[in-house]
A.B. asks: 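Handing you a structure now.
Sequence lines set the chain letters: A, B, ... in the order given, protein chains first and strands last, and positions in each chain run from 1.
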2 protein chains.
Amino acid sequence: MPQQPPTITDVAREAGVSKGLVSFALNDRPGVSAETRARILEVARELGWTPSLRARSLSTGRSFACGLVLGRSPDVIAADPFFHSFIAGLEDEFSMSGQVLVLAVATPGRQESETYRGLAVDKRVDGVIVTDLRAHDPRLELVDRLGLAAVTLGVPDAETPFSSVSVDDGAGIHAAVRHLSDLGHRRIAHIAGPDGMLHARTRRQAFESAAAEFGLVAASVETDFSAAEGAAATGALLDGDAPPTAIVYSNDHMAIAGLGVARRRGLSVPGDLSITGYDDTEIGRYVNPALTSVATDAREWGRVAARTLLGAIEGHDAVNVRLNEPTLTVRESTGPAPTDTRGDRRDR
Amino acid sequence: MPQQPPTITDVAREAGVSKGLVSFALNDRPGVSAETRARILEVARELGWTPSLRARSLSTGRSFACGLVLGRSPDVIAADPFFHSFIAGLEDEFSMSGQVLVLAVATPGRQESETYRGLAVDKRVDGVIVTDLRAHDPRLELVDRLGLAAVTLGVPDAETPFSSVSVDDGAGIHAAVRHLSDLGHRRIAHIAGPDGMLHARTRRQAFESAAAEFGLVAASVETDFSAAEGAAATGALLDGDAPPTAIVYSNDHMAIAGLGVARRRGLSVPGDLSITGYDDTEIGRYVNPALTSVATDAREWGRVAARTLLGAIEGHDAVNVRLNEPTLTVRESTGPAPTDTRGDRRDR
DNA sequence: TTGTATGCGTTATCAT
DNA sequence: ATGATAACGCATACAA
């Protein structure tokens with residue numbers, strides 16, 4: 001007959017105590033004499049007993065799972081290498097503590113709020129990681145009302161009861177602008193993500209303040225982070241009266257699309273136009289010219305976010321963790337500003 | 001006081017029956033009179049009772065979750081838009097049946113077999129989707145031994161007790177080769193994925209047989225699907241005695257890297273070299289020239305895979321589902337073969 | 001056709 | 001201080 005795995009009852013019987021006491025011994029709770037505890041643990045070891053996750057889940061109300069809701073448009077998210085590394089980082093921690101990562105995808109047919117609610121029903125997850133923070137993000141109140149623990153990636157623009165883990169996106173953009181300024185560029189532009197997304201806004205603001213700091217003529221264009229809009233924005237900028245000599249993109253994906261646009265117009269990169277990306281994707285290193293880009297340690301971000309969320313689930317106080325600054329890797333897509341006749345006369 | 005949600009006991013008491021009967025009525029099991037069943041369901045509706053997932057999970061041994069293990073190297077997978085669309089498709093089905101998707105990532109520090117085992121311990125998932133099938137894939141025996149239900153993406157090269165959902169990768173490659181043949185190309189090459197991966201092998205074999213069918217001189221190079229190896233393989237081919245006039249890549253990522261290599265050598269695409277990708281990524285449409293590519297309906301694949309897996313979990317017989325053929329989208333990266341002096345004399 | 005007992009780990013309550 | 005007991009929520013084998 002198929003040997004059933006041992007249960008707490010087997011251990012209790014073998015050790016000559018009650019089920020409750022076995023549980024107390026296992027969980028290091030007071031009220032068990034050292035001697036009894038040792039005997040119980042020894043019996044458990046002999047029998048090879050480990051408590052059933054499902055039974056624990058029933059009696060504690062915990063699911064031992066954490067949720068990640070992806071809400072961006074498919075095209076944009078699919079190309080974002082951030083998520084795979086980030087998820088690997090989450091798993092580095094979760095797999096060590098017996099947690100599991102539940103992935104949910106919000107689509108046009110399945111609203112984001114519905115997706116969160118679905119995870120909260122029956123407490124399918126103990127907590128969630130909230131990414132791509134938006135202005136006055138309605139998800140934060142929702143998650144709070146649903147009774148889920150949470151950690152946000154980036155600092156929200158309002159008070160929340162949640163912990164946050166963030167990197168200084170602004171520092172990465174600042175480094176890119178300084179690099180371009182050092183190369184002699186005077187008219188630069190930023191192709192930003194949606195201003196309603198906090199990290200996109202942070203990058204835009206950092207771009208504008210860095211441009212001011214270095215005395216540059218600057219313009220920003222808002223996009224949805226997609227290659228399509230990145231290409232369109234690039235075209236619009238190059239069609240302007242005084243086109244920029246350098247463009248700082250808010251992701252590699254748009255930068256590569258921008259590269260295509262520049263080439264179609266016969267512009268040399270970086271001869272006529274310098275380009276910087278963000279994310280430092282693998283493919284960015286193999287296009288021609290190889291992309292100068294800003295990199296964040298996504299895996300470490302995932303590890304820290306997971307640890308922070310687990311702390312929150314265990315009832316720790318909210319904390320705001322700040323990670324190392326992103327770094328700029330200079331490759332071939334940035335070079336000295338062209339020395340043509342057009343001065344830096346106009347803003348737009 | 002915080003009103004507790006109603007339990008099966010409340011329903012039983014209110015309906016004047018036992019807990020067991022409520023359970024039978026809810027699950028449409030025989031042995032309950034139509035009249036009693038109706039009364040029980042009515043009471044349940046009035047009380048707003050829904051059975052506790054955790055209690056169900058404990059008593060049935062099901063977890064109401066399915067697992068997806070990602071095992072490819074981070075760089076490759078991150079750039080693969082297939083997965084996001086595929087996952088969205090999985091969720092289309094899972095979210096409708098109260099299932100949840102558990103994502104696990106195998107990394108150099110956490111072997112694939114360990115990852116599967118982690119999902120099987122305590123039956124954290126009822127079944128798994130096995131992607132990127134390999135030759136004599138050891139995961140299939142492992143999954144079987146772990147007692148998990150499973151569905152494979154693609155048809156394994158050995159008998160398994162599992163269902164499969166597949167697309168005819170070969171048809172996509174065949175279409176690409178025919179397209180190139182029609183354009184007059186006679187020396188073509190294929191930059192393939194690892195031959196140990198069944199879909200990569202299928203594509204290579206389809207390439208070779210299509211090349212033979214059209215009387216072309218063909219060469220294949222094996223890579224790991226990464227941009228780095230795609231670039232290296234492209235360089236090696238172009239350095240050969242009789243370089244190909246067209247290259248069929250096994251993914252867009254490598255095709256874009258190959259484009260970079262060609263450009264660095266001053267080759268015009270498609271003037272001197274035609275290029276086709278696979279996956280039809282968004283970014284491929286915005287590089288210059290825009291990529292001719294083969295597309296699969298990944299979301300539909302996900303939906304069908306989810307349905308098939310749920311069937312397997314419920315004990316249905318194994319089935320082998322075949323999806324629609326992939327389609328070739330012609331853009332700018334393919335054109336007439338160059339009419340230079342070199343004949344099609346040599347193979348590789 | 002319907003009721004009962006059992007299983008799973010945790011914890012509130014009770015008994016030494 | 002130390003330990004036992006019962007209840008929780010659901011499904012199901014079995015008894016009636």
A.B. asks: For the side chain of Val17(A), starting at C-beta, report the closest nucleotide among dA4(D), dG9(D), dG9(C).
C.D. replies: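 Nearest nucleotide to the side chain: dA4(D).
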A.B. asks: Write down the distance between CZ (Arg54(A)) and C1' (dG7(C)), rounded to a whole number of angstrom.
C.D. replies: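 Whole-Å distance recorded here is 13 Å.
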A.B. asks: Does Val22(A) reach a base, just sugar-phosphate, or nothing at all? Heavy atoms under 4.0 Å.
C.D. replies: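 Here Val22(A) touches no strand at all.
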A.B. asks: Nearest to the side chain of Ser59(B), heavy atoms from C-beta on, is which of dG9(C), dG7(C), dG9(D)?
C.D. replies: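 In terms of side-chain proximity for Ser59(B), the closest of dG9(C), dG7(C), dG9(D) is dG7(C).
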A.B. asks: Counting any heavy atom closer than 4.0 Å, what does Thr36(B) reach on the DNA or RNA strands: base, sugar-phosphate only, or nothing?
C.D. replies: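 Counting heavy atoms under 4.0 Å across all strands, the contact made by Thr36(B) is with sugar-phosphate only.
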A.B. asks: So if I take every side-chain heavy atom of Leu58(A) and compare against dG9(D), dC10(D), dT2(C), which nucleotide ends up nearest?
C.D. replies: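 Minimum distance to the Leu58(A) side chain belongs to dG9(D).
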A.B. asks: Measure CD/Glu35(A) against P/dT2(D) and give the value in whole Å, please.
C.D. replies: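 These atoms are roughly 10 Å apart.
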A.B. asks: Provide, to the nearest angstrom, the distance between the CH2 atom belonging to Trp49(B) and the C1' atom belonging to dC10(D).
C.D. replies: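 So the CH2-C1' distance, Trp49(B) to dC10(D), works out to 8 Å.
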A.B. asks: Between the side chains of Arg124(A) and Ser63(A), is a donor N or O closer than 3.5 angstrom to an acceptor N or O?
C.D. replies: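 No, no side-chain donor-acceptor pair sits under 3.5 Å.
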A.B. asks: Of all the nucleotides listed (dA4(D), dC10(D), dT12(D)), which has the minimum atom distance to the side chain of Arg29(B)?
C.D. replies: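 Looking only at heavy atoms from C-beta outward on Arg29(B), the closest nucleotide is dT12(D).
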A.B. asks: Please give, in whole Å, the distance from dA7(D) P to Ile8(B) CD1?
C.D. replies: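 It is 18 Å, rounded to the nearest whole Å.
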A.B. asks: So what does Ser23(A) hit on the nucleic acid, given a heavy-atom distance under 4.0 Å: a base, only sugar-phosphate, or nothing?
C.D. replies: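 The answer is base, as Ser23(A) lies within the cut-off (heavy atoms under 4.0 Å) of a base atom.
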A.B. asks: Is any side-chain N of the basic residue among Glu93(A) and Arg307(A) closer than 4.0 Å to the acidic one's carboxylate O?
C.D. replies: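 Result for this pair is yes, salt bridge flagged.
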A.B. asks: Closer than 4.0 angstrom, basic N to acidic O: yes or no for Asp122(B) and Arg54(A)?
C.D. replies: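 No salt bridge links Asp122(B) with Arg54(A).
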A.B. asks: Out of dG3(D), dC10(D), dT4(C), which has the shortest distance to the side chain of Arg56(B)?
C.D. replies: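 From the listed options, dC10(D) comes nearest.
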A.B. asks: May I ask you to decide whether Arg39(B) forms a salt bridge with Glu35(B), counting only side-chain N to carboxylate O separations under 4.0 Å?
C.D. replies: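 So Arg39(B) does not pair with Glu35(B) through a salt bridge.
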A.B. asks: Rounded to the nearest angstrom, tell me the gap between atom CZ in Arg62(A) and atom P in dG9(D).
C.D. replies: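 After rounding, the gap between these two atoms is 20 Å.
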A.B. asks: Report the nucleotide, chosen from dT11(C), dT2(C), dG9(C), that has the shortest atom-to-atom distance to any side-chain atom of Ala55(A).
C.D. replies: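 The closest nucleotide is dG9(C).
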A.B. asks: Take the protein atom CG of Leu21(A) and the nucleotide atom P of dA4(D), then report the distance between them rounded to whole Å.
C.D. replies: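 Distance check: Leu21(A) CG to dA4(D) P gives 6 Å.
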A.B. asks: Phe24(A) side chain: which of dT11(C), dC10(D), dA7(D) is closest?
C.D. replies: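 Among the listed nucleotides, the one closest to the side chain of Phe24(A) is dT11(C).
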A.B. asks: Roughly, in whole Å, what's the span from CG in Asp28(B) to P in dT12(D)?
C.D. replies: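 To the nearest whole Å, that distance equals 13 Å.
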A.B. asks: Between Glu112(B) and Arg134(B) (salt bridge meaning N to carboxylate O under 4.0 Å), is one present in this structure?
C.D. replies: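 Yes.
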A.B. asks: What nucleotide among dA4(D), dT10(C), dT2(C) has an atom nearest to a side-chain atom of Asn27(A)?
C.D. replies: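 Closest of the options to the side chain of Asn27(A): dT10(C).
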A.B. asks: Measure up the Phe83(A) and Phe86(A) rings against each other and bin them: parallel (under 30°), tilted (30 to 60°), perpendicular (over 60°).
C.D. replies: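 The rings of Phe83(A) and Phe86(A) stand perpendicular, inter-plane angle above 60°.
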A.B. asks: Of the candidate nucleotides dT4(C), dC10(D), dT5(D), which contains the atom at the shortest distance from the side chain of Ser18(B)?
C.D. replies: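 Nearest nucleotide to the side chain: dT4(C).
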A.B. asks: Classify the nucleic acid contact of Ser33(A) as base, sugar-phosphate or nothing, counting any heavy atom under 4.0 Å across all strands shown.
C.D. replies: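 Sugar-phosphate only.
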A.B. asks: Between C1' on dT11(C) and NZ on Lys19(A), what's the gap in Å once rounded to a whole number?
C.D. replies: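 My rounded result for the distance is 11 Å.
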